[in-house]
Protein chains: 2
Amino acid sequence: MESEVLSKGKLAKHASYILNIKSTVEKNEALEKIAEQLLMDQATIIEENKKDLHAGKQKGLPESTLDRIMLNETRIRSMAEGIQQLIKLEDPVGELLEKTIKDNGLQIEKRRVPLGVIGMIYEARPNVTIDAATLSLKTGNAVILRGSSSALFSNIVLVETIHRALENTNLPKESVQLIEDTRHETAKQLFHLKEYLDVLIPRGGKGLIDLVVSEASVPVLETGAGNCHVYVDESANYEMAIKILLNAKTQRPSVCNAAESLLIHRNWFSQHGRKLLESLEEAGITIKGDESVCKESKAAIMATEEDYRTEFLSMTLSVKIVENVHEAIDHINQFGTNHSETIITEDVLAAETFLSRVDAAAVYHNASTRFTDGFEYGYGAEIGISTQKLHARGPMGLPALTSTKYFIYGTGQIRE
Amino acid sequence: MESEVLSKGKLAKHASYILNIKSTVEKNEALEKIAEQLLMDQATIIEENKKDLHAGKQKGLPESTLDRIMLNETRIRSMAEGIQQLIKLEDPVGELLEKTIKDNGLQIEKRRVPLGVIGMIYEARPNVTIDAATLSLKTGNAVILRGSSSALFSNIVLVETIHRALENTNLPKESVQLIEDTRHETAKQLFHLKEYLDVLIPRGGKGLIDLVVSEASVPVLETGAGNCHVYVDESANYEMAIKILLNAKTQRPSVCNAAESLLIHRNWFSQHGRKLLESLEEAGITIKGDESVCKESKAAIMATEEDYRTEFLSMTLSVKIVENVHEAIDHINQFGTNHSETIITEDVLAAETFLSRVDAAAVYHNASTRFTDGFEYGYGAEIGISTQKLHARGPMGLPALTSTKYFIYGTGQIRE
């Protein structure tokens with residue numbers, strides 16, 4: 001018998017060939033129906049979600065995970081509102097990117113087309129189910145969802161809702177497939193489902209992402225970890241430095257664009273170091289510093305090399321004193337994860353050097369790393385923040401879910 | 001002791017951080033020097049190349065492989081001329097792709113930047129050494145070359161020439177690294193050299209490409225096989241059909257954009273089938289056909305399913321009769337390799353259906369598949385023809401060797 005992954009892969013691929021020529025109007029109508037159906041099915045969704053929460057409690061899942069799994073009226077309404085926002089966004093499919101007419105009369109057009117079938121492997125959060133499905137449909141892609149067992153009841157009922165909604169639309173309901181078998185094998189099968197999957201997007205912790213990147217033969221869109229740095233240069237304004245640092249570190253410490261490491265120019269540190277460290281400690285930040293830092297602060301803990309590599313995702317910050325902007329750049333390129341890096345300086349030349357030499361998706365001068373975000377950049381939606389260099393880098397909007405295709409119109413031309 | 005791959009990986013990465021801010025003028029000057037040095041070193045290059053040819057003959061390599069390895073004055077001159085062409089091309093690095101100023105005053109710019117370090121794994125042809133190195137330098141990338149043992153003497157001398165040329169330029173000679181150990185292990189090491197390699201590009205046969213795609217954890221730019229189809233629709237003009245078909249199949253049968261399979265509408269076949277098959281056979285084409293085809297031609301061999309999947313790269317053509325354009329599309333999407341596909345028809349609706357539904361990098365109406373080529377498309381250079389959907393699809397010009405980066409300029413902005 002065919003495995004669930006294989007048979008759903010085939011269905012999704014087949015649906016993708018129908019989906020990829022649907023108009024923006026047809027796709028938006030389908031999204032509208034999904035938003036409506038979500039509100040209509042609210043009671044059932046919450047009931048099924050309770051089963052996940054109950055099982056989670058029994059298994060002793062941490063409160064933070066249970067909170068991520070939990071769906072209530074407010075959260076369902078906010079999902080529906082998210083879909084309404086998505087409907088308003090421009091459809092990238094069909095966009096004409098290049099057009100040339102050659103001397104021989106051949107007309108060459110390069111246009112955006114859907115990727116085909118997107119595989120989404122994710123953890124706990126059932127809202128990713130709705131997110132991934134609606135972003136895929138908006139861009140004319142079919143999607144295979146593979147969530148975790150801890151949200152299985154929720155995922156099943158949400159996909160049922162989507163299917164019910166799609167029944168009254170021009171979009172095939174096979175466009176959205178959920179793998180209900182959440183054993184490790186089914187993820188592995190998806191890693192190698194090259195014939196039916198065009199891209200795999202892992203969403204979750206570093207462990208999941210690293211596993212997918214290292215094992216999958218299907219191309220992966222890596223949305224990654226952020227070991228983001230704030231570098232305070234010799235000429236930095238003190239008020240600006242502390243303001244940006246506190247924002248980058250404490251506004252939401254658990255997200256990928258939060259700062260994890262602070263580099264300070266030695267001369268600036270001599271003048272402002274003690275005051276800065278006190279302010280950070282007052283804000284509840286635990287400091288892991290080098291020798292110079294530990295000399296200035298009793299509360300600081302001696303940092304190891306491993307600390308400089310760590311994405312704490314908490315109120316811990318590694319701190320290192322550097323001799324100049326070049327040492328800061330080298331440190332970031334060695335220890336960073338190519339996500340978001342900022343320099344605080346009044347020296348334009350130092351800023352230019354930092355911005356051009358630091359190898360990251362987003363480089364900032366005198367601003368918080370927390371801005372790296374699809375909504376902040378004005379994309380209206382975010383698939384994730386890519387830390388890879390191929391296809392898409394940084395916050396990914398809808399175009400990241402498209403490919404391109406050459407359409408060539410001739411009148412009998414042959415190559416000489 | 002550090003392995004060759006690891007130590008050269010580090011050198012290349014380090015060089016890439018110097019290279020990525022070099023100006024177009026500096027890069028073009030370096031390319032100019034390489035072109036000059038190639039001509040100056042001609043005698044030595046030919047001498048070293050003879051060692052490869054001699055070893056190849058002893059090993060009994062086929063004539064076609066020996067020809068691919070062979071360098072003579074004409075070929076070296078043509079390499080130098082290729083570099084002169086490359087110098088004239090626009091440098092994609094630095095190109096401003098997006099610019100927005102947000103309400104809070106943040107200025108966000110998205111610019112093209114080099115990828116970093118490119119890993120190139122390739123077979124026999126020593127000209128790929130020069131090609132890969134110069135395309136990489138033009139786009140500000142460092143490159144690690146891993147050719148095959150059969151061209152090792154040639155590759156070593158060519159990289160020495162490059163290094164000699166770079167000595168008198170502003171580009172670090174560590175930008176171009178050759179892995180001289182051609183055992184299988186060194187390729188495997190490159191597959192997983194994530195810390196120092198930003199992309200891997202395999203160039204060679206299907207076996208090599210499949211191996212890299214399935215094993216590498218470094219992102220791969222897949223330049224792939226072409227099982228390209230010509231579909232002759234019901235309303236096709238006979239003269240146009242035979243002209244395009246012969247061009248697509250016979251002009252250069254060994255390349256990826258040559259046609260491998262012919263689909264014919266049953267009604268058209270009833271009228272023109274016998275004549276067409278005769279013309280194909282007269283042109284020296286071996287036909288593997290379905291039952292209808294074999295009935296019309298004594299010379300035709302019965303095709304297996306495997307034949308319809310095969311990229312013959314020779315004068316063999318698979319032929320199948322279909323009931324309509326939809327069956328043609330389904331067949332291509334099932335058996336094709338998403339490379340180049342063409343429909344010959346006078347029916348605009350059939351053409352539109354075919355072009356929009358066939359899942360391939362390049363789709364043609366009334367033109368030969370042989371046009372899928374970076375030079376034909378006007379890109380002035382070609383990295384290869386991508387059959388993947390992420391990052392680049394179809395003929396890849398210089399921009400395919402770049403990534404993007406967000407530069408954000410602030411005055412102390414924090415996220416609320």
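In the text below, chain A, chain B and the rest are named by the order of the sequence lines, each starting its count at 1. Note that the structure is a prediction, hence the values are computed from the model and not measured.
Ranked by heavy-atom pairs under 4.5 Å with chain A, the first of B:Asp373, B:Ile18, B:Asp330 is B:Asp373. Across A:Ser214, A:Ser340, A:Ser403, the residue that shares the most heavy-atom pairs under 4.5 angstrom with chain B is A:Ser403. Ranked by non-hydrogen atom pairs under 4.5 Å with chain A, the options B:Leu221, B:Thr372, B:Thr369, B:Asp359 are led by B:Asp359. The most heavy-atom pairs under 4.5 Å with chain B, out of A:Ala392, A:Ala361, A:Ala400, A:Ala367, come from A:Ala361. For the set A:Thr342, A:Thr411, A:Ile108, the entry with the most heavy-atom pairs within less than 4.5 Å of chain B is A:Thr411. By number of non-hydrogen pairs under 4.5 angstrom with chain A, the leading residue of B:Lys102, B:Gln413, B:Glu195 is B:Gln413. Taking A:Val363, A:Val113, A:Val358, A:Asn237 one by one and counting their heavy-atom pairs under 4.5 Å with chain B, the maximum is reached by A:Val363. For the set B:Ala241, B:Pro219, B:Ser356, the count of heavy-atom pairs under 4.5 angstrom toward chain A peaks at B:Ser356. If you tally non-hydrogen atom pairs under 4.5 Å between each of A:Val199, A:Leu115, A:Asn20 and chain B, the highest count goes to A:Leu115. Note: B:Leu390 leads B:Leu390, B:Thr402, B:Thr100, B:Ile329 in heavy-atom pairs under 4.5 Å with chain A. Ranking A:Gln107, A:Arg111, A:His365, A:Glu215 against chain B, the residue ahead of the rest is A:His365, based on heavy-atom pairs under 4.5 Å. Contact tally against chain A (heavy-atom pairs below 4.5 Å) for B:Lys405, B:Glu416, B:Glu239: the top residue is B:Lys405.
In B:His14, the NE2 atom is not crowded: 12 or fewer heavy atoms of neighbouring residues, nucleotides or ligands sit closer than 6.0 Å. With a 6.0 Å radius and a threshold of 12 heavy atoms from other residues, nucleotides or ligands, A:Glu90 has its CD atom at or below the threshold. Within 6.0 Å of NZ in A:Lys194 there are more than 12 heavy atoms belonging to other residues, nucleotides or ligands.
The closest side-chain donor-acceptor pair between A:Asn247 and A:Ser368 falls under 3.5 angstrom. Side-chain contact check for A:Arg370 and A:Gln251: at least one donor-acceptor pair (N or O, by modelled atom type) lies under 3.5 Å. Side chains of A:Asp347 and A:Thr345: no donor on one and acceptor on the other come within 3.5 Å. Checking A:Thr387 against A:His339 by side-chain atom types alone, no donor-acceptor pair falls below 3.5 Å.
Heavy atoms closer than 4.5 Å to chain A are found in the side chain of B:Glu352, but not in its backbone. Proximity to chain B involves both the backbone and the side chain of A:Tyr377, based on heavy atoms less than 4.5 angstrom apart. Of the atoms belonging to A:Leu106, it is side-chain heavy atoms, and not backbone ones, that fall under 4.5 Å from chain B. For a residue to count as touching a neighbouring chain, one of its non-hydrogen atoms must lie under 4.5 Å from one of that chain's; by this rule A:Asn338 does not touch chain B. In this structure, chain B has heavy atoms under 4.5 Å from both the backbone and the side chain of A:Glu376. Interface remark: A:Ile21 contributes side-chain atoms only to the contact with chain B (heavy atom separation under 4.5 Å). Residue A:Thr404 touches chain B through both its backbone and its side chain, counting heavy-atom pairs closer than 4.5 Å.
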Does B:Tyr17 form a side-chain contact (heavy atoms from CB on, under 4.5 Å) with A:Asn333? I'd like the steps, not just the answer. CA-CA 9 Å; B:Tyr17 291 135; A:Asn333 285 343; 3.6 Å; yes

What do the steps show when you test B:Thr223 against B:Ile385 for side-chain contact (heavy atoms from CB on, under 4.5 Å), and what is the final call? CA-CA 5 Å; B:Thr223 59; B:Ile385 296 169; 5.7 Å; no

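For the atom pair A:Ile343 CD1 and A:Tyr231 OH, the distance stands at 6.0 Å (nearest 0.5 Å). The distance from the NZ atom of B:Lys389 to the CG atom of A:Asp198 is 3.5 Å, given to the nearest 0.5 Å.
B:Val212 is not listed as a side-chain neighbour of B:Glu222, based on a closest heavy-atom distance of 4.5 Å or more.
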